[in-house]
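Reading through the structure tokens given below for one structure.
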Amino acid sequence: MVITRFAPSPTGYLHIGGLRTALYSFLWARRNGGKFLFRIEDTDLARNSKEAAEAIVEAFKWVGLAHDGEIVYQSERFDIYKSYVQKLLDAGKAYQCYMSKDELDALRAEQMAKKERTRYDGRYRDFTGTPPAGVEPVIRIKAPLDGQISFIDGVKGEVNFNVKDMLDDFIIARSDGTPTYNFVVTIDDALMGVTEVIRGDDHLSNTPKQIVVYEALGFKVPRFHHVPMILNPEGKKLSKRDGATDVMEYKKEGYLPETLLNFLIRLGWSHGDQEIFSLEEMQAFFDPNDINKSASAYNKEKLLWLNTHYIKTLSAERLIEELKFFGMDISAHIKKVELIDALRERAKTLKEFAVMIEQIIVQPKTYDEGAVAKFLGGDALSVLEAYHKTLVQKGTMNTAGEFEESTKAFLEERGLKLKDIAQAIRIAMVGSSVSPSIFEVLAIIGYSDVLQRIQNLISYKRSTCE
RNA sequence: GACCCCAUCGUCUAGUGGUUAGGACACCGCCCUCUCAAGGCGGGAACGGGGGUUCAAGUCCCCCUGGGGUCGCCA
């Protein structure tokens with residue numbers, strides 16, 4: 001049974017790097033019929049907030065990655081951690097260290113000055129004397145003194161660390177009694193039965209520490225997959241300054257969850273030349289052993305391209321639903337499907353999509369001056385008036401086909417081309433010279449509103465001429 | 001600074017010793033066309049450098065260079 005997990009610490013929002021490792025973990029568990037667990041790493045009471053935890057859960061919900069079981073909060077498991085600290089203490093595998101923070105800082109400064117690597121010197125490792133008064137001790141684990149710690153990483157391959165230049169007796173419980181990260185992750189991963197840990201590259205050098213804990217506690221070491229970081233377009237580490245590292249920011253910008261997932265899975269992973277993956281395909285093909293070793297920069301153009309792809313191919317129902325978030329509810333519009341289909345190939349984001357819809361369904365309040373000057377000069381206005389008259393005589397019209405037929409007949413009678421009137425009609429309908437095919441637009445706007453919009457333009461033009 | 005990781009078009013990548021080094025995004029050109037898109041066709045564009053190994057190296061080994069990460073009583 002493959003059990004994976006996503007374990008963010010709630011210090012802020014869910015960022016796209018985190019979402020990517022979550023996606024990978026999710027897919028690998030699903031592909032193997034295993035479990036994908038969710039844990040909130042909130043042991044640092046001072047820095048974590050309930051809101052941040054909720055924001056992460058919300059973002060998770062938006063992209064639609066369902067986890068198995070209840071969410072585990074580390075802040076509710078301190079008793080468990082405490083018992084394991086005690087276990088190590090009793091077994092002589094951990095000890096109390098009475099070194100104060102100031103002393104530690106001084107030691108580090110000294111080591112730094114000597115250009116040595118900073119490390120705890122183990123002064124209380126075998127201490128048996130009387131502890132100094134007034135110092136609350138921290139608990140340190142007895143790490144091996146020499147040798148090598150090696151493991152096979154699913155993406156990096158064999159990784160070796162020399163104990164001498166990597167490890168020291170690191171702290172597993174602070175002086176206030178709360179346990180630290182490297183200690184609790186291993187306990188929880190072991191207790192939750194996690195078999196494969198898929199996480200960011202930045203944890204690679206934590207791994208030997210965690211292996212020390214696994215071994216001290218007699219737990220089975222899981223398989224690790226350290227996935228490379230995501231870089232910003234300049235090739236530097238992605239930071240908050242780069243903007244749009246918050247998953248929910250993508251929702252606000254009008255990206256679909258499908259887009260983001262598809263984008264993220266192709267960053268550092270591939271399946272031949274395939275670019276588009278449904279969630280089902282991702283589940284069928286994804287294997288953490290195929291993840292690239294090198295970091296990858298994300299590029300906005302590709303993200304945007306993916307979004308246009310999904311907007312083009314998604315069902316009208318879904319699009320109508322998604323558009324509501326942008327204040328555009330067209331679920332009651334009689335031509336809603338036509339509206340969606342007329343615009344889906346032009347909108348790059350849902351945000352844009354909403355604006356484009358508005359430009360069609362709401363009568364233009366102003367007209368693009370440049371377009372009016374360019375396309376309504378000469379006898380264009382009288383042609384438009386004649387066209388209006390022709391439409392009035394029709395009594396009613398409904399489909400794009402009907403509008404097209406009448407318009408073509410009108411033009412033919414006068415020896416005109418569609419070119420000669422299309423832009424004038426477009427300006428009447430939407431106020432500018434850009435829109436989808438005019439016949440589709442006419443059908444969407446509807447017969448009576450079409451007449452009115454043409455009339456409006458004519459009146460406007462007449463009034464400005466005089 | 002120490003340790004670890006990494007290195008194919010501008011970007012994401014294919015490539016597991018023999019390829020005209022393939023695809024995608026972006027860019028440029030042409031076609032289509034009622035505008036804008038979309039779409040179709042075409043184009044330019046890469047193995048960081050140096051040594052080996054081998055009949056043969058983008059692929060294996062070493063060095064250099066460059067980039068990234070970690071060195072907390074943060075996670």
Side-chain angles (χ1 to χ4, degrees), chain A residues 7-11 41-44 46-48 74 97 99-101 104-105 108 111-112 114-119 136-140 153 155-157 159-162 164-168 170-182 184-185 200-208 226 228-229 231 233 235-237 263 266-276 292-306 308 312 343-348 356 371 375 404 407 411 417-427 430 432-439 441:
Chain A
S9 73
T11 50
E41 313 232 314
D42 53 354
T43 51
D44 188 353
R47 292 158 53 117
N48 298 149
Q74 289 189 324
C97 168
M99 195 172 182
S100 71
K101 274 181 196 169
L104 238 187
D105 288 344
R108 281 204 191 101
Q111 289 167 333
M112 215 85 101
K114 282 196 276 183
K115 298 207 167 186
E116 286 171 3
R117 143 184 123 80
T118 58
R119 64 180 308 188
E136 281 303 319
V138 298
I139 311 296
R140 288 182 181 272
D153 189 275
V155 353
K156 305 283 186 189
V159 182
N160 302 301
F161 288 98
N162 258 83
K164 274 210 191 328
D165 45 45
M166 204 42 226
L167 280 176
D168 61 4
F170 57 93
I171 294 170
I172 58 172
R174 305 180 182 97
S175 47
D176 65 0
T178 57
T180 60
Y181 172 73
N182 284 119
V184 298
V185 218
D201 209 336
D202 47 341
H203 285 287
L204 193 61
S205 41
N206 277 327
T207 308
H226 286 97
M229 306 275 84
L231 273 23
K236 300 284 177 199
K237 189 189 180 186
F263 176 71
R266 280 289 285 108
L267 221 50
W269 179 87
S270 62
H271 181 73
D273 286 338
Q274 190 168 344
E275 296 288 348
I276 305 295
N292 280 173
K293 290 165 185 251
S294 54
S296 35
Y298 88 123
N299 95 317
K300 298 185 202 90
E301 284 79 23
K302 193 137 188 182
L303 181 72
L304 208 51
W305 172 76
L306 277 167
T308 64
K312 273 187 286 191
L343 291 170
R344 68 191 322 155
E345 290 188 349
R346 287 155 234 266
K348 293 186 190 307
M356 288 175 168
F375 299 109
E404 179 164 8
T407 306
L411 291 168
K417 289 269 164 44
L418 183 53
K419 230 181 253 194
D420 302 323
I421 197 179
Q423 291 300 60
I425 296 175
R426 209 176 317 264
I427 293 165
V430 301
S432 80
S433 57
V434 176
S435 88
S437 160
I438 50 167
F439 304 118
V441 171

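Everything numeric here is computed off the predicted structure, so don't read it as measured data. Below, read A as the first sequence line, B as the second, and so on, with proteins coming before strands; counting in each chain starts at 1. Keep in mind that the numbers below use all heavy atoms, side chains included, and drop hydrogens, waters and symmetry copies.
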Pairing nucleotide - [N], Watson-Crick or G-U, each distance under 3.5 Å:
{"N": "B/rC3", "result": "B/rG69"}
{"N": "B/rC36", "result": "none"}
{"N": "B/rU54", "result": "none"}

Can you see whether A/Asp201 engages A/His226 through a side-chain donor-acceptor pair at a distance of less than 3.5 angstrom?
no

Counting primed atoms, P, OP1 and OP2 as sugar-phosphate and everything else as base, the B/S/- map of nucleotides 31-36 of chain B against protein heavy atoms under 4.0 Å is ---BBB

Counting side-chain heavy atoms from C-beta on, which of B/rG69, B/rG10, B/rA24 comes nearest to A/Asn299?
B/rG10

5'-most contact on RNA chain B (nearest-nucleotide basis), A/Glu136 vs A/Val159, goes to A/Val159

For the side chain of [X] and the base of [N], is some donor closer than 3.5 Å to an acceptor across the two?
{"X": "A/Ser205", "N": "B/rC3", "result": "no"}
{"X": "A/Asp273", "N": "B/rG22", "result": "yes"}
{"X": "A/Asp42", "N": "B/rA75", "result": "no"}
{"X": "A/Gln274", "N": "B/rG23", "result": "no"}

Answer yes or no: is there a donor N or O on one side and an acceptor on the other, between the side chain of A/Lys156 and the main chain of A/Lys293, under 3.5 Å?
yes

Under 4.0 angstrom, heavy atoms only, what part of the nucleic acid is [X] near: base, sugar-phosphate, or nothing?
{"X": "A/Arg108", "result": "sugar-phosphate"}
{"X": "A/Glu301", "result": "sugar-phosphate"}
{"X": "A/Lys156", "result": "sugar-phosphate"}
{"X": "A/Gly268", "result": "sugar-phosphate"}
{"X": "A/Ser294", "result": "sugar-phosphate"}
{"X": "A/Lys312", "result": "sugar-phosphate"}

Take the protein atom CG of A/Asn162 and the nucleotide atom C1' of B/rC3, then report the distance between them rounded to whole Å.
9 Å

